[in-house]
Number of protein chains: 2
Amino acid sequence: MNISIKDIARHCNLNPSTVSRALNNKYGVKPETKKRVMDAARELGYVPSLSARELVKQEGNLIGIIIPESDAEAQPAFFAMLPYINKKLSAYGMETIIYAFDPYRYINGELNKLIQKRRLRGCIIMPGFMKEHKIYEDIRDLNTPSVVMEVTVQSELCSSIHTDEVYGAYQATKHLISNGHSRIGFINGPEYIQICEERREGFEKALHESGILIKSHDIIYSDFSGNGGGAAVLSLLDQAPDLTAVFCANDLMAMGAVSTLAEHGYCIPRDLSIVGFDGMFIGAYYNPPLTTVQNDDVKLGLQAAESLIRIIEEKHTSQEWIKPELIIRKSVQNILS
Amino acid sequence: MNISIKDIARHCNLNPSTVSRALNNKYGVKPETKKRVMDAARELGYVPSLSARELVKQEGNLIGIIIPESDAEAQPAFFAMLPYINKKLSAYGMETIIYAFDPYRYINGELNKLIQKRRLRGCIIMPGFMKEHKIYEDIRDLNTPSVVMEVTVQSELCSSIHTDEVYGAYQATKHLISNGHSRIGFINGPEYIQICEERREGFEKALHESGILIKSHDIIYSDFSGNGGGAAVLSLLDQAPDLTAVFCANDLMAMGAVSTLAEHGYCIPRDLSIVGFDGMFIGAYYNPPLTTVQNDDVKLGLQAAESLIRIIEEKHTSQEWIKPELIIRKSVQNILS
DNA sequence: CTGTTAGCGCTTTCAG
DNA sequence: CTGAAAGCGCTAACAG
């Protein structure tokens, strides 16, 4: 029913293998017969069967995108990157297939099974798994090209792409300091996530450099959610009422903080300066527009795709760090003078 | 190198076909041999090759998710639904593969080619294509199950899921009216998008019902973007300074409006009431928390997946309308009294 | 330059 | 209940 290579062969009085060669631009096919084949293919509406090709070549053009299962709210980065990954990959003839793993039910070997059953050409592991998650062990033993985001995995066929979190947090904190703030709070995300550690490191580094002492109650851990940020800023301010600025480890918590603060009669940035992290596009339309550290999701996504291609084509792995950029908007007040 | 059904057969002294039957729970396989096969499969680490299965069955378990190519900012709905679609589908043993089409370069037949080359089991067309886009013609002639979102396509194997936009816009406008507003502006999205027409219809319906006259300059068309919303609200207010409320056809424009208005010294909702549409989760953390019409993306996504399954399994198509819900937060002021 | 042949891994008759 | 054999659509090795 679906027209196949045989139909073309019959139609052109050729052997299927010749048709195959013609279709795939292989060596030595008379230009004329090639044209005949191409024309017939078009005319008959031939569409190659990828499963057949995959079967015989034992390898396809599918790239698995692996994400932790959760709702959209929790993974802005994934969605920001996906279109770019998808596009770049398709420029190399690859297609993407998305798999969501429940991080709490993951069992070792699952990833590998997935790869085998679809004969995946490679995979990209999105951020969001805990830093010591089992999946990273599996990746170490993979003999399939892979790119891991935000986590470093040492292995033959695995590259990783990171945001330079320390740098980003450092920039944010420096910005606060240079605007006259010295009593700065920090609302961090869950401790068991790698990037949280790094963002904290950057925060502390900036403070140390400026000789500002960090009191332990200036730092609070929350859950990266809007509500979490709102609750956190309140208890932070309760513990340390003299804070003039708060650095939030993501934009969502920053917005949650601003929003609850506003309901409590605060005016941002007049009463408290806020800076976020992530650079969600919506921050530009926030009230006030949110000063934040913007991950370069476009670059991150593109780089992930390119790194994967490099492993596939040249077996060349690498570790890249992409620097995020401080975007100064209106949520920080200059309190010098 | 990859272990196959033959290896199991050899290992168990069986014929590959028996192994196949055992593995697939087919009729008549002695429970004992079945167990032997299962054990061997586990022991040898057998992983079935989907391409082989697809090839012989001429059908796989892949569902194509079709989106218009653009960056994440432009398609919050897609991302909100994706996790639910993905999960529901995988509960039925289906996997999802994402294809982004450039809406301006789409040529007729492309979708069908895609389906053929991967022998897709079905596909879901996400919102975002223009209402008269060629892709919808192609869907009409498809002999593959499909579900279309936000657009109605009449066809044998095609269901569609809609948000009841008219209802949503009606609710929003009613809410404004019941809070005492009668001079209400409307910032709509691009005219060539189907949902914009419907949202406008709901808006006008509510106004008519309450005997409120609509002046033509109370309605302005923008582009669904944050910046667009900001610019639109300014010129709207310029044309009609007596407006006390503005209904925006999406949250992004609503936020853009609030944000630029704030920079111009307005205080929302004191000086102007705003209601959005979409129910982006971030609206809850907006300043002020945004009153909006919330699309039930969870239900929408789940429904899309279920409808597709129903076509696949029972050839049963349907047209569903999902009612969005007015979420009352803090961006509307009651001006009665 | 083109045809022949074999086989990728699996399912599905059809026999036994 | 199990085996034998054919074939899905394609590619690759080897002849010619």
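Note that the coordinates shown come from a computational prediction; the quantities given were computed from them, not determined experimentally. Letters A, B, ... are given to chains in the order of the sequence lines, protein chains preceding strands, and every chain is numbered from 1.
- A close approach under 4.0 Å does not occur between any side-chain nitrogen or oxygen of R53(A) and OP1 or OP2 of dC10(D).
- Note that OG of S160(B) is 10.0 Å distant from CD1 of I139(B), once rounded to the nearest 0.5 Å.
- Of the side-chain N and O atoms in Q58(B), none sit less than 4.0 angstrom from OP1 or OP2 of dT11(C).
- Within a heavy-atom distance below 4.0 Å of DNA chain C, no residue of residues 109-118 of chain A is found.
- Between the C1' atom of dC10(D) and the NZ atom of K6(A) lies a distance of 10 Å, rounded to the nearest Å.
- No contact: D7(A) has no heavy atom under 4.0 Å from any strand.
- With respect to the salt-bridge test (charged N to carboxylate O, under 4.0 angstrom), the residues R42(B) and D39(B) qualify.
- Across all strands, S20(B) comes closer than 4.0 Å to base atoms (heavy-atom distances).
- Comparing R36(B) and L55(B) along DNA chain D, the residue whose closest nucleotide (by nearest heavy atom) sits nearer the 5' end is R36(B).
- Look at CD on E54(B): it is 22 Å from P on dG7(D), rounded to the nearest Å.
- With dG9(D), dT2(C), dC10(C) as the choices, the nucleotide that has an atom nearest any side-chain atom of T18(A) turns out to be dT2(C).
- Using a cut-off of 4.0 Å between Lys/Arg side-chain N and Asp/Glu carboxylate O, D138(A) and K134(A) are scored as not salt-bridged.
- Look at CD1 on I8(B): it is 11 Å from P on dT11(C), rounded to the nearest Å.
- Here the P atom of nucleotide dC1(C) and the NZ atom of K35(A) are 17 Å apart, to the nearest Å.
- Atoms CG (L23(A)) and P (dT2(C)) sit 14 Å apart, rounded to a whole Å.
- Mapping S49(A) and N15(B) onto DNA chain D by nearest heavy atom places N15(B) at the nucleotide closer to the 5' end.
- H316(B) and S318(B) share no side-chain donor-acceptor pair at under 3.5 Å.
- A donor N or O paired with an acceptor N or O is found under 3.5 Å between the base of dG3(D) and the side-chain atoms of R21(B).
- The side chain of T33(B) has dT2(D) as its nearest neighbour among dT2(D), dC8(D), dT2(C).
- Summarising the geometry, atom CD1 belonging to I3(A) is positioned 9.0 Å from atom NE2 belonging to H11(A); distances are rounded to the nearest 0.5 Å.
- Per the geometry, NZ belonging to K34(A) stands 12 Å off P belonging to dC1(C), to the nearest Å.
- In this entry the distance linking CZ of R119(B) with P of dC10(C) reads 19 Å, nearest Å.
- In the model, Y92(A) has no side-chain atom that pairs as donor or acceptor with a side-chain atom of E313(A) under 3.5 Å.
- At whole-Å resolution of the value, NZ in K57(A) and P in dG9(C) are 15 Å apart.
- Atom CD of Q319(A) has more than 12 heavy atoms from other residues, nucleotides or ligands within 6.0 Å.
- Checked by distance alone, S17(A) brings no side-chain donor or acceptor within 3.5 Å of a matching partner on the base of dT5(C).
- Among the candidates E95(A), E59(A), E54(A), the single residue satisfying the salt bridge (Lys or Arg N to Asp or Glu O under 4.0 Å) test with R121(A) is E59(A).
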